[in-house]
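First the structure, in the form of structure tokens, and then the observations on it.
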Amino acid sequence: MIKEGQVVRIGIGDLGIVHSPDVIRTSGLGSCVGIVLYDDLKRLAGMAHVMLPEASLARNQGMKRAKYADTAIEDLIAALISAGASRYRLKAKLAGGAQMFQFTSSSDTMRIGPRNVDAVKENLQTLNIPILAEDVGGRSGRTIEFNPETMDLHIRKVNQGESVI
């Protein structure tokens, strides 16, 4: 008998973790980046829906840490370790970071998607967490779902179909 799991939904600027057979999903990834960290031995995964590159962009002290690449990754690692994951077995998969709108200005400020992707990659590299697969950039929004049993990240792109990484 195969046990069917639940789908845990992660909102914008939020994070969460699941054990197999549950899966974890987020939608609305435009310029945002969906970060999946997982421990394949423990069949444990976490996901963050990151909106901005770094917490220094926060306007107030009561900020939501999961909105920012740097603090979301820290908190996601802490949650996974607390649930039994090994810090040294963590691997990553990424999706999102689209440039949703065309701007006439070459200002880096308006390149939110690419800046989010760069920030996530830099943070993971600093923490020595390998990125095993990614589907980033472009101009299409995405919905992603990760299954910690198979380690598959299912990606559905607006008007472009589905893929698995």
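In what follows, every heavy atom counts, from backbone to side chain, and hydrogens, waters and symmetry copies are set aside. Note that the coordinates shown come from a computational prediction; the quantities given were computed from them, not determined experimentally.
- In the hydrophobic clustering of this structure, Val158 does not group with Val164; members are Ile, Leu, Val, Met, Phe, Trp, Tyr whose side-chain heavy atoms approach within less than 4.5 Å, directly or through other members.
- Ile35 places a side-chain heavy atom less than 4.5 Å from the side chain of Leu37.
- In this structure, Met151 and Asn147 have side chains that are not in contact, with every pair of non-hydrogen atoms separated by 4.5 Å or more.
- Interatomic distance, CD of Glu134 versus CG of Leu124, reported as 10.5 Å (0.5 Å rounding).
- Rounded to the nearest 0.5 Å, atoms SG (Cys32) and CZ (Arg142) are 11.5 Å apart.
- Under a hydrophobic-cluster definition in which Ile, Leu, Val, Met, Phe, Trp and Tyr are linked whenever side-chain heavy atoms come within less than 4.5 Å, directly or via other members, Ile73 and Ile81 are assigned to the same cluster.
- A distance-only check finds no donor-acceptor pair linking the side chain of Lys42 to the backbone of His19 [under 3.5 Å].
- Contact of the Ile155 side chain with the Ile165 side chain is registered, since non-hydrogen atoms from C-beta on lie closer than 4.5 Å.
- Two residues are said to be in side-chain contact when any heavy atoms from C-beta on lie closer than 4.5 Å; Ser86 and Asp39 meet this criterion.
- Proximity of Ile144 to Met47: side-chain heavy atoms (C-beta onward) are separated by under 4.5 Å at one or more points.
- For the residue pair Arg87 and Ile77, the shortest heavy atom distance occurs at CD-CG2, 3.9 Å.
- Hydrophobic clustering (side-chain heavy atoms under 4.5 Å, transitive across Ile, Leu, Val, Met, Phe, Trp, Tyr) groups Val120 together with Leu90.
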Practice prompt. Show your working on side chain to side chain contact (heavy atoms under 4.5 Å, CB included) between Val7 and Asp22 and close with a plain yes or no.
Written response: CA-CA 6 Å; Val7 176; Asp22 295 343; over 6 Å; no

Item to complete: Report the C-alpha separation of Glu74 and Arg65 in whole Å, then their side-chain angles, then the decisive distance to 0.1 Å, and conclude whether the side chain to side chain contact (heavy atoms under 4.5 Å, CB included) test is met.
Response: CA-CA 9 Å; Glu74 286 175 11; Arg65 290 175 53 88; 3.0 Å; yes

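- Ile12 and Leu94 fall into different hydrophobic clusters, where Ile, Leu, Val, Met, Phe, Trp and Tyr side chains are chained together by heavy-atom contacts under 4.5 Å.
- Under a 3.5 Å cut-off, the side chain of Asn123 and the backbone N or O of Ala119 do form a donor-acceptor pair.
- The side-chain contact (heavy atoms from CB on, under 4.5 Å) test applied to Gln125 returns no partner, not counting sequence neighbours.
- Side chain of Ser82 to backbone of Ala78: no donor-acceptor contact under 3.5 angstrom is found.
- Between the side chain of Ser27 and the backbone N or O of Thr143, no donor-acceptor pair lies under 3.5 Å.
- The backbone N or O of Ala55 sits less than 3.5 Å from a side-chain atom of Asp70, completing a donor-acceptor pair.
- Annotation: salt bridge (charged side-chain N to carboxylate O under 4.0 Å, His left out) contacts involving residues 147-161, sequence neighbours excluded, comprise Arg43-Glu149, Asp135-Lys157.
- With rounding to the nearest 0.5 angstrom, the CD1 atom of Ile24 is 9.5 Å from the CZ atom of Phe146.
- Residues Ala72 and Ala48 come closest through the heavy atom pair CB-CB, 4.1 Å.
- In terms of modelled atom types and a separation under 3.5 Å, the side chain of Asn116 and the main chain of Met51 share a donor-acceptor contact.
- The distance from the CG atom of Leu15 to the CG atom of Leu76 is 5.5 Å, given to the nearest 0.5 Å.
- Atom CG of Leu44 sits about 5.5 Å away from atom CD1 of Ile17, to the nearest 0.5 Å.
- Residue-environment remark: NZ (Lys91) exceeds the threshold of 12 foreign heavy atoms within 6.0 Å.
- A heavy-atom distance below 4.5 Å is found between the side chains of Val18 and Pro148.
- Both Val136 and Ile129 are members of a single hydrophobic cluster when ILVMFWY side chains are connected at heavy-atom separations under 4.5 Å.
- In this structure, the separation between CD on Glu122 and CD on Glu54 is 9.0 Å, given to the nearest 0.5 Å.
- Of the options Leu80, Leu153, Leu132, a side-chain contact (heavy atoms from CB on, under 4.5 Å) to Tyr38 is made by Leu132 and by none of the others.
- Between His49 and Leu29, some side-chain heavy-atom pair lies under the 4.5 Å cut-off.
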